[in-house]
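All residue numbers in this chain count up from 1 along the given sequence. Source: prediction; values computed, not measured.
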Amino acid sequence: MNSKVFLVIRILLGLMVLVFGLNKFLQFIPPFELNEAGQNYFMALTSTQTMTMVAVVEIAAGIALITNKFGALMSVILMSVSVNAVLFHATLAPEGIAPALGLLLLNILVLVGYKSRYEGMLKA
């Protein structure tokens with residue numbers, strides 16, 4: 001992957017997760033309406049402090065990707081957040097799936113950009 005393209009994708013992903021992570025604490029983006037099942041699921045995540053942990057991971061990943069310090073590691077960790085966001089929207093809130101798919105796509109592209117860093121981890 002071209003280094004300039006990778007830089008843009010990495011910064012975009014970093015900014016996206018940083019904004020969404022900060023939003024979980026500061027609530028500057030208005031929340032979207034959820035059906036009852038989505039509300040119940042979201043309330044369970046919030047009451048167990050899981051969303052706080054997700055916010056911390058998103059903020060740390062955003063900073064890591066923007067500064068390119070531990071970006072390869074945080075991209076792997078962020079993949080769980082990306083997949084869960086897509087699954088949440090696919091099953092409980094399909095009207096908001098576009099940003100989640102964008103997050104997943106950017107995360108996959110960043111993983112591809114960092115592929116040389118994973119060679120040791122993927123050796124048999």
Side-chain angles (χ1 to χ4, degrees):
M1 180 182 298
N2 184 335
S3 63
K4 290 189 191 293
V5 172
F6 176 64
L7 174 71
V8 169
I9 292 170
R10 183 175 52 81
I11 298 293
L12 280 175
L13 178 61
L15 288 173
M16 185 176 186
V17 295
L18 183 62
V19 167
F20 284 121
L22 289 172
N23 183 59
K24 288 176 180 62
F25 289 118
L26 305 175
Q27 288 134 12
F28 50 85
I29 299 172
F32 55 91
E33 294 294 319
L34 289 173
N35 58 28
E36 186 177 352
Q39 286 177 348
N40 291 339
Y41 181 74
F42 202 79
M43 291 296 288
L45 291 177
T46 304
S47 68
T48 60
Q49 304 303 314
T50 302
M51 291 309 290
T52 303
M53 297 288 288
V54 170
V56 169
V57 167
E58 287 177 336
I59 292 168
I63 292 169
L65 289 166
I66 291 168
T67 62
N68 203 22
K69 302 287 185 206
F70 303 105
L73 172 64
M74 293 309 289
S75 296
V76 172
I77 294 170
L78 187 61
M79 195 62 173
S80 64
V81 174
S82 301
V83 169
N84 278 296
V86 170
L87 291 175
F88 169 78
H89 285 289
T91 58
L92 297 173
E95 63 279 353
I97 199 166
L101 287 173
L103 173 68
L104 181 62
L105 177 65
L106 288 174
N107 201 341
I108 290 169
L109 291 173
V110 168
L111 287 171
V112 169
Y114 280 128
K115 71 181 175 190
S116 65
R117 308 257 179 114
Y118 307 125
E119 288 174 355
M121 186 169 65
L122 298 174
K123 277 187 180 177

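- Using a 4.5 Å heavy-atom cutoff, the side chains of Ile59 and Val17 are not in contact.
- Residue pairs meeting the salt bridge (Lys or Arg N to Asp or Glu O under 4.0 Å) criterion with at least one partner in residues 10-28, sequence neighbours excluded, are Lys24-Glu58.
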Mind listing the side-chain donor-acceptor pairs of residues 65-74 below 3.5 Å, one per line with the distance, residues two or more places apart or on another chain?
from  : atom 1 : to     : atom 2 : distance (Å)
Thr67 : OG1    : Ile63  : O      : 2.8
Asn68 : OD1    : Tyr114 : OH     : 2.6

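- The stretch residues 113-124 participates, sequence neighbours left out, in no salt bridge (Lys or Arg N to Asp or Glu O under 4.0 Å) pair at all.
- Remark: of the listed residues Val86, Leu87, Leu78, Val86 is the sole one forming a side chain to side chain contact (heavy atoms under 4.5 Å, CB included) with Leu104.
- Across every non-hydrogen atom of Ala55 and Gly21, the tightest pair is CB-O, 3.7 Å.
- Side-chain contact between Ile29 and Phe20 is present, with heavy atoms from C-beta onward closer than 4.5 Å.
- Looking at Val8, Leu7, Asn2 one by one, the single match for side chain to side chain contact (heavy atoms under 4.5 Å, CB included) with Val5 turns out to be Asn2.
- Listed by chain and number, the residues in a side-chain hydrogen bond (donor to acceptor under 3.5 Å, both in side chains) with Gln49 are Thr52 (sequence neighbours excluded).
- Around atom CD of Glu33, no more than 12 heavy atoms belonging to other residues, nucleotides or ligands sit under 6.0 Å away.
- Under the 4.5 Å side-chain contact rule for hydrophobic residues, Met79 and Met53 do not share a cluster.
- Checked against side-chain hydrogen bond (donor to acceptor under 3.5 Å, both in side chains), Thr50 has the following partners two or more places apart in sequence or in another chain: Thr48.
- A distance-only check finds no donor-acceptor pair linking the side chain of Asn107 to the backbone of Ser82 [under 3.5 Å].
- Residue Phe42 shares its hydrophobic cluster (ILVMFWY side chains chained together at separations under 4.5 Å) with Phe32, Leu34, Tyr41, Leu45, Met51, Phe88, Leu92.
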